[in-house]
Amino acid sequence: MAIAQGATNTFKLGLPNGDFNFTTGNFKIALYTGAASIGPETAAYTTSGEVVATGYTAGGEALTVSQVPTYGNQTGNATVYLSFSNVTWTSALTARGALIYDADSSAAICVLDFGGDKTSTTTFTVQFPAATNTAAIIRIS
């Protein structure tokens, strides 16, 4: 399957059930190689295809919620959005994508496709877009 970007079905089903709390929950981001098979059908964190490199720990890094769920300033059907602070690994590594997941339950939230292998020689950073109703990494409308 390779890496397919998008919100996971687990996340979509978990929202109305109250399975995710972006105010008090613990979230992580794990990096994956092009050999990974992750996408919207991914139900939980997996080590299959995860990056193996000096300075990278299986399971990835903790995420800090930089914007708790809120809605945009617009009329009609508002877009709810949330975001995370950028994450950095201080090591040389190559990644093709990432998985954001709930660190307490391992439930998958979304898959990021970097569009190709990204390689660092000293520092690898996942930079999230602006936390706005039109650009945030997670938007629901």
Side-chain angles (χ1 to χ4, degrees), residues 1-53 55-141:
M1 172 177 91
I3 296 176
Q5 182 161 303
T8 66
N9 297 335
T10 300
F11 180 61
K12 292 174 188 176
L13 288 170
L15 282 176
N17 290 328
D19 293 344
F20 301 95
N21 185 331
F22 289 96
T23 303
T24 62
N26 298 305
F27 303 93
K28 293 186 91 172
I29 184 169
L31 299 177
Y32 291 85
T33 68
S37 182
I38 56 175
E41 299 82 20
T42 302
Y45 162 73
T46 177
T47 58
S48 180
E50 189 172 9
V51 165
V52 175
Y56 180 85
T57 303
E61 291 290 326
L63 285 171
T64 300
V65 175
S66 63
Q67 174 61 64
V68 296
T70 191
Y71 61 90
N73 187 12
Q74 63 200 88
T75 57
N77 189 20
T79 298
V80 174
Y81 62 96
L82 65 109
S83 194
F84 303 97
S85 298
N86 296 342
V87 179
T88 301
W89 287 265
T90 54
S91 60
L93 56 89
T94 298
R96 175 70 170 78
L99 175 70
I100 294 175
Y101 67 98
D102 183 318
D104 296 323
S105 68
S106 293
I109 294 171
C110 70
V111 173
L112 307 177
D113 180 354
F114 298 158
D117 284 348
K118 303 299 179 191
T119 301
S120 71
T121 55
T122 57
T123 302
F124 191 96
T125 301
V126 174
Q127 183 175 351
F128 290 99
T132 68
N133 63 324
T134 58
I137 193 69
I138 297 178
R139 299 183 309 270
I140 303 163
S141 57

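Positions are given from 1 along the sequence. The analysis underlying the following values was restricted to heavy atoms, covering all of them including side chains, and did not include hydrogens, waters or symmetry mates.
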Could I get the full list of salt bridge (charged side-chain N to carboxylate O under 4.0 Å, His left out) partners for Asp104, not counting sequence neighbours?
none
To the nearest 0.5 Å, what is the distance between SG on Cys110 and CD1 on Ile29?
7.5 Å
Which residues pass the ring pair (Phe, Tyr, Trp, His ring centres under 6.0 Å) test with Tyr81, not counting sequence neighbours?
none
Any side chain to side chain donor-acceptor pair (under 3.5 Å) pairs touching residues 15-24, not counting sequence neighbours?
Asn21-Thr24
Please tabulate, for the side chains in residues 83-94, all donor-acceptor contacts under 3.5 angstrom to protein atoms that are two or more places apart in sequence or on a different chain.
| unit_1 | atom_1 | unit_2 | atom_2 | d |
| --- | --- | --- | --- | --- |
| Asn86 | OD1 | Phe128 | N | 2.8 |
| Thr88 | OG1 | Thr125 | OG1 | 3.2 |
| Ser91 | OG | Thr54 | O | 3.4 |
| Thr94 | OG1 | Thr119 | OG1 | 2.9 |

Under 3.5 Å, side-chain donor or acceptor atoms of residues 5-15 against the rest of the protein: list the pairs with distances, not counting sequence neighbours.
| unit_1 | atom_1 | unit_2 | atom_2 | d |
| --- | --- | --- | --- | --- |
| Gln5 | OE1 | Asp113 | N | 2.8 |
| Thr8 | OG1 | Phe11 | N | 3.1 |
| Thr8 | OG1 | Ala108 | O | 2.7 |
| Thr8 | OG1 | Ile109 | O | 3.3 |
| Thr10 | OG1 | Ala43 | O | 3.4 |

Approximate separation, where rounding is to 0.5 Å, of Lys118 NZ and Leu31 CG:
13.5 Å
For Phe27 together with Phe20, are the ring centres under 6.0 Å from each other?
no
Leu82 CG to Thr70 OG1 distance, which is reported to the nearest 0.5 Å:
10.0 Å
Nearest atoms (heavy-atom pairs only) where Ala95 meets Val51
CB-CG2, 4.0 Å
Could you give the side-chain donor-acceptor pairs of residues 134-141 under 3.5 Å, partners two or more places apart or in another chain?
| unit_1 | atom_1 | unit_2 | atom_2 | d |
| --- | --- | --- | --- | --- |
| Thr134 | OG1 | Thr132 | OG1 | 3.4 |
| Arg139 | NH1 | Ala135 | O | 3.3 |
| Arg139 | NH1 | Ala136 | O | 2.7 |

With rounding to the nearest 0.5 Å, note down the distance linking OH in Tyr45 to CD1 in Ile100.
14.5 Å
Closest approach of Ser106 to Tyr101 (non-hydrogen atoms, all atoms of both residues)
CA-CD1, 3.9 Å
Heavy-atom pair of closest approach, residues Glu50 and Gly60:
OE2-N, 3.7 Å
Could you check whether any side-chain heavy atom of Thr64 comes within less than 4.5 Å of a side-chain heavy atom of Ser66, counting everything from C-beta outward?
no
Provide the closest heavy-atom pair for Arg96 versus Gly34 in the form atom of the first, atom of the second, distance.
CB-N, 3.5 Å
Could you tell me whether the side chain of Lys28 reaches within less than 4.5 Å of the side chain of Leu63, counting heavy atoms only?
no
State the CD1-CG distance between Ile3 and Leu112, to the nearest 0.5 angstrom.
9.5 Å
